[in-house]
Student: 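I have a structure here, written as structure tokens, and I will follow up with some questions on it.
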There are 2 protein chains.
Amino acid sequence: MKTVTLNDVSRAAGVSRSTASLVLRGSPKIPETTAERVRLAMTELGYVYNRHAANMRRSESMTLGLIVTDIRNPYFAGLTMTIEEAAHTAGYTLLVGYSRDDVERQSLQLETMVQQQVDGILLLPATGSELNAVCGIIDRSSVPVLQVARYFSEELDYVGPDNIAAGQQLARHVSSLGAASAVLIGGPERSSARTERIEGLETGFTGSGVVFDSSLSAAATTNNAAGGSEGVARVLDQGIWPDCIIAYSDAVAIGIYAELRRRNLEPGRDISVASFDDIAMAELLLPPLTSVSTYPELIGHQAAELLLNRIRDPSLRPQRSLVEPALKIRASTAQWRPRT
Amino acid sequence: MKTVTLNDVSRAAGVSRSTASLVLRGSPKIPETTAERVRLAMTELGYVYNRHAANMRRSESMTLGLIVTDIRNPYFAGLTMTIEEAAHTAGYTLLVGYSRDDVERQSLQLETMVQQQVDGILLLPATGSELNAVCGIIDRSSVPVLQVARYFSEELDYVGPDNIAAGQQLARHVSSLGAASAVLIGGPERSSARTERIEGLETGFTGSGVVFDSSLSAAATTNNAAGGSEGVARVLDQGIWPDCIIAYSDAVAIGIYAELRRRNLEPGRDISVASFDDIAMAELLLPPLTSVSTYPELIGHQAAELLLNRIRDPSLRPQRSLVEPALKIRASTAQWRPRT
DNA sequence: GATTTCCATTAGATCGGTCTACCAAAGGTC
DNA sequence: GACCTTTGGTAGACCGATCTAATGGAAATC
């Protein structure tokens with residue numbers, strides 16, 4: 001079965017290929033009578049527009065690339081879906097890759113996307129991304145790259161939560177409960193997001209009397225439930241029993257709940273737990289989890305907008321956009337009281 | 001900044017464009033000395049391969065399309081990630097769309113993907129998909145489409161769990177507990193997966209004495225936590241108090257837990273809860289959730305394999321591949337005993 | 001009536017690769 | 001020396017759109 005091209009259509013409609021092309025794009029130069037005739041020929045022959053051919057000539061592709069680490073974390077899933085939605089409404093298709101937080105894999109995916117002529121890339125950088133690792137590919141092609149949720153370079157656009165504010169909000173809440181000590185558990189050790197959250201927590205705790213330690217479980221923990229369990233185990237096995245455990249993310253907090261219970265400790269009663277992200281699950285857990293909402297939908301939407309702007313005008317200076325977080329207080333901390 | 005083409009490279013290396021092209025594809029006809037010279041010119045000029053141009057000539061695109069309903073359901077997230085992985089290792093890039101279980105949106109995404117010249121499409125059909133809604137686009141382009149996890153047509157390939165077996169396993173387990181009544185809650189009403197699960201449950205319950213009702217909450221419930229809460233509310237508000245609630249999926253079960261507790265009923269003690277999918281969360285819930293694992297990784301992997309086979313040989317007859325499920329018994333049903 | 005403007009339409013180059021068909025020179029065979 | 005084969009390489013058509021510059025004819029202007 002031969003594919004139907006614009007040539008076939010134009011021949012059937014008795015016009016030139018150029019005319020058919022103009023009809024396709026709804027040019028006002030073609031009178032309705034002719035246009036109708038061409039459109040009829042299209043449906044009759046079962047014509048399918050070949051975007052690749054068009055894009056080749058126009059040297060754009062109407063596709064965006066999106067690389068995220070892992071969508072089994074609902075936070076990233078929500079982010080991804082919003083970005084897809086924004087891209088689609090702007091007429092773009094989305095090429096996705098999951099780096100699984102592996103720089104090597106991420107490089108390959110960047111390379112592929114560039115070869116596929118994407119018009120822009122949204123990158124949620126794998127931990128350990130550095131400019132020179134990513135740069136070569138980006139430089140060679142001059143594709144605009146926007147960093148989402150984490151960043152490693154000041155020279156590229158960035159959209160993410162205001163992690164410092166988020167940390168501060170959480171710290172103030174925890175100290176207002178009267179806790180004496182808190183630890184941070186989980187999260188990708190060298191990511192900007194983690195560093196900023198720690199910074200926020202530290203400044204938020206200053207002068208409050210709460211002893212805060214972010215170093216207890218940092219190494220080798222990951223941004224999922226397993227990382228949470230492992231982190232709790234490591235802390236408690238050191239004989240440390242903080243008043244409040246702060247999880248790097250809700251995904252981590254879920255593992256923290258599980259590990260606490262394995263040790264017959266009830267979250268929210270024996271140890272408070274609080275977290276970042278506020279995924280839908282947070283509210284449905286028992287006890288409901290106190291979490292700082294970082295609004296992935298907003299971030300995704302803004303990221304897509306900003307990238308599309310840059311595609312239109314590549315000369316813009318690098319931009320940073322921070323989304324304001326909001327603390328959601330729930331039973332996992334609200335019921336806290338000093339041990340007797 | 002002008003883009004560097006094969007022409008530029010060949011000129012710099014003092015060979016013809018044809019030779020450069022052959023080097024690119026590692027042809028054995030070109031001796032290593034020449035190849036090296038060409039490769040040097042490539043890196044020196046910062047050449048980036050233009051896949052679109054190549055694909056245009058070869059009339060393939062090395063991209064696959066994937067349309068799923070919603071990846072905030074971890075089951076679909078896992079499925080999606082496996083498919084991406086399989087596609088990437090086979091050298092394909094993935095174009096994704098999230099239908100949000102909306103047929104209209106799904107049609108648009110199919111259309112776009114076909115225009116983008118994808119070599120094949122993996123479709124997790126939105127509920128209400130019918131052949132004629134999808135067919136037009138598919139027919140016109142003759143792109144191979146494979147159905148994942150749900151199906152609506154016997155003429156297209158299908159890979160999914162053996163839902164009937166899954167239902168039977170669950171039914172037998174529930175009846176072995178001595179339950180007298182069970183209801184099914186949640187799930188997309190007209191999907192093949194739900195119909196099959198009900199069929200499996202019904203045959204599994206036959207002769208066991210367990211009264212099973214799947215009609216109580218069917219209408220208008222969805223495949224997520226909200227659907228679960230709503231479903232439980234509707235059932236209990238009718239004055240029905242089953243011994244066991246069977247959730248369409250783990251995502252639904254999470255909402256069921258929440259709604260039961262809102263009514264001061266403890267899942268696994270006052271009412272047993274069991275479910276399908278066995279996402280990672282199932283084990284971490286309190287009480288851990290009995291669920292039939294349907295192995296999204298296996299399904300995703302097989303789906304990608306099968307689609308790639310069909311792309312290689314489009315003349316194959318439509319294939320069906322069912323993945324065997326496995327029941328994971330946990331505390332949400334294990335602790336069940338008759339009310340006194 | 002001559003010239004200009006406008007309208008509808010088109011021929012042909014172009015995007016950046018791949019592929020077919022062909023060629024020139026070197027080496028081998030009788 | 002004539003003929004065949006192998007090696008290394010190339011010219012130019014081609015994929016299916018878009019876009020520029022041009023054209024023929026009708027209407028409008030002087």
Side-chain angles (χ1 to χ4, degrees), chain A residues 1-39 41-42 45-63 112 114-119 140-143, chain B residues 1-39 41-42 45-63 112 114-119 140-141:
Chain A
M1 189 163 76
K2 189 78 177 37
T3 60
V4 181
T5 78
L6 256 197
N7 244 327
D8 305 326
V9 170
S10 61
R11 209 174 305 126
V15 297
S16 75
R17 189 174 65 251
S18 313
T19 308
S21 175
L22 288 171
V23 171
L24 216 46
R25 284 169 290 152
S27 161
K29 307 186 83 176
I30 309 294
E32 194 48 39
T33 55
T34 314
E36 197 46 54
R37 199 152 36 99
V38 173
R39 276 193 285 265
M42 284 180 180
L45 298 176
Y47 171 72
V48 184
Y49 185 61
N50 186 332
R51 205 164 254 289
H52 274 189
N55 294 155
M56 165 118 124
R57 182 65 231 265
R58 311 180 70 180
S59 54
E60 61 175 18
S61 72
M62 298 308 282
T63 54
T112 315
V114 167
Q115 290 185 352
Q116 290 275 9
Q117 309 295 112
V118 291
D119 293 333
R140 289 215 304 285
S141 63
S142 69
V143 166
Chain B
M1 187 164 73
K2 190 76 176 39
T3 61
V4 181
T5 78
L6 258 197
N7 244 326
D8 305 327
V9 170
S10 62
R11 208 174 307 128
V15 295
S16 75
R17 187 172 69 250
S18 313
T19 306
S21 175
L22 288 171
V23 171
L24 215 46
R25 286 169 290 153
S27 160
K29 305 188 82 174
I30 308 296
E32 195 46 39
T33 55
T34 314
E36 198 46 56
R37 197 151 38 97
V38 173
R39 276 194 284 268
M42 285 182 179
L45 297 176
Y47 169 74
V48 183
Y49 185 61
N50 184 333
R51 207 163 252 289
H52 275 190
N55 295 155
M56 167 119 120
R57 182 66 230 264
R58 312 179 71 180
S59 53
E60 60 174 19
S61 72
M62 297 308 282
T63 54
T112 315
V114 167
Q115 291 185 353
Q116 290 274 8
Q117 310 295 111
V118 291
D119 294 334
R140 290 214 306 286
S141 63

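Every chain is numbered from 1, with letters handed out A, B, ... down the list of sequences.
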Student: Could you work out which one of D/dT18, C/dG17, C/dG16 sits closest to the side chain of B/Ala54?
Tutor: C/dG17
Student: A/Ala53 near the nucleic acid: base, sugar-phosphate alone, or nothing, with a heavy-atom cut-off under 4.0 Å?
Tutor: base
Student: Go through D/dG16, C/dG17, C/dA11 for me and flag the one nearest to the A/Ser16 side chain.
Tutor: C/dA11
Student: Is it the case that C/dT18 (base atoms only) and B/Arg17 (side chain only) share a donor and an acceptor within less than 3.5 Å, ignoring hydrogens and angles?
Tutor: yes
Student: To the nearest Å, how far apart are A/Gln115 CD and C/dG16 C1'?
Tutor: 14 Å
Student: What's the CZ-C1' distance between B/Arg57 and C/dG17, to the nearest Å?
Tutor: 9 Å
Student: Provide, to the nearest angstrom, the distance between the CE atom belonging to A/Met56 and the P atom belonging to C/dT14.
Tutor: 14 Å
Student: Separation of B/Arg11 atom CZ from D/dA11 atom P, in whole Å?
Tutor: 12 Å
Student: Any side-chain N or O of B/Thr19 less than 4.0 Å from the OP1 or OP2 oxygen of D/dT10?
Tutor: yes
Student: Is any side-chain N or O of B/Ser18 under 3.5 Å from a base N or O of D/dA11, one able to act as donor and the other as acceptor?
Tutor: yes
Student: From the options D/dT18, C/dT9, C/dG16, select the nucleotide whose nearest atom is closest to the side chain of A/Ile30.
Tutor: C/dT9
Student: Considering only heavy atoms and no angle criterion, is a donor-acceptor pair shorter than 3.5 Å present between the side chain of B/Arg58 and the base of C/dT18?
Tutor: no
Student: For B/Thr19 and B/Ser16, test the side chains for any donor-to-acceptor distance below 3.5 angstrom and give the result as yes or no.
Tutor: yes
Student: What's the verdict on side chain to side chain contact (heavy atoms under 4.5 Å, CB included) for B/Gln116 and A/Thr63, showing C-alpha distance, side-chain angles and the deciding distance?
Tutor: CA-CA 9 Å; B/Gln116 290 274 8; A/Thr63 54; 3.3 Å; yes
Student: For B/Tyr49 and for B/Lys29, find the nucleotide of DNA chain C with the closest heavy atom, then tell me which residue's nucleotide is more 5'.
Tutor: B/Tyr49
Student: Report yes if the side chains of A/Val9 and A/Leu45 come closer than 4.5 Å at any heavy-atom pair, otherwise no.
Tutor: yes
Student: Which nucleotide, C/dT18, D/dT18, D/dG16, lies nearest any side-chain atom of A/Thr5?
Tutor: D/dG16
Student: Here's a test of your reading of the structure: between A/Asn7 and B/Pro28, which maps to the more 5' nucleotide of DNA chain D?
Tutor: B/Pro28
Student: Any side-chain N or O of A/Thr34 less than 4.0 Å from the OP1 or OP2 oxygen of C/dT9?
Tutor: yes
Student: Roughly, in whole Å, what's the span from CG in B/Leu22 to C1' in C/dA21?
Tutor: 14 Å
Student: Does the side chain of A/Arg17 come under 3.5 Å of the side chain of A/Ser21 through a donor N or O and an acceptor N or O?
Tutor: no
Student: When the distance from CD of B/Glu60 to C1' of D/dG16 is rounded to whole Å, what number comes out?
Tutor: 16 Å
Student: Nearest whole angstrom, please: distance from the P of D/dG8 to the CZ of B/Arg37.
Tutor: 13 Å
Student: In this structure, how many angstroms lie between the C1' atom of C/dC15 and the CG atom of B/Asn55, rounded?
Tutor: 14 Å
Student: Which listed nucleotide (D/dG9, D/dC14, C/dT10) is nearest to the side chain of A/Val15?
Tutor: C/dT10
Student: Using side chain to side chain contact (heavy atoms under 4.5 Å, CB included), reason through A/Leu6 and A/Met42 one step at a time and then give a plain yes or no.
Tutor: CA-CA 8 Å; A/Leu6 256 197; A/Met42 284 180 180; 4.1 Å; yes
Student: Given B/Val114 and B/Arg140, is the side chain to side chain contact (heavy atoms under 4.5 Å, CB included) satisfied, shown in steps?
Tutor: CA-CA 9 Å; B/Val114 167; B/Arg140 290 214 306 286; over 6 Å; no
Student: From the options D/dA17, D/dG9, C/dT9, select the nucleotide whose nearest atom is closest to the side chain of A/Tyr47.
Tutor: D/dA17
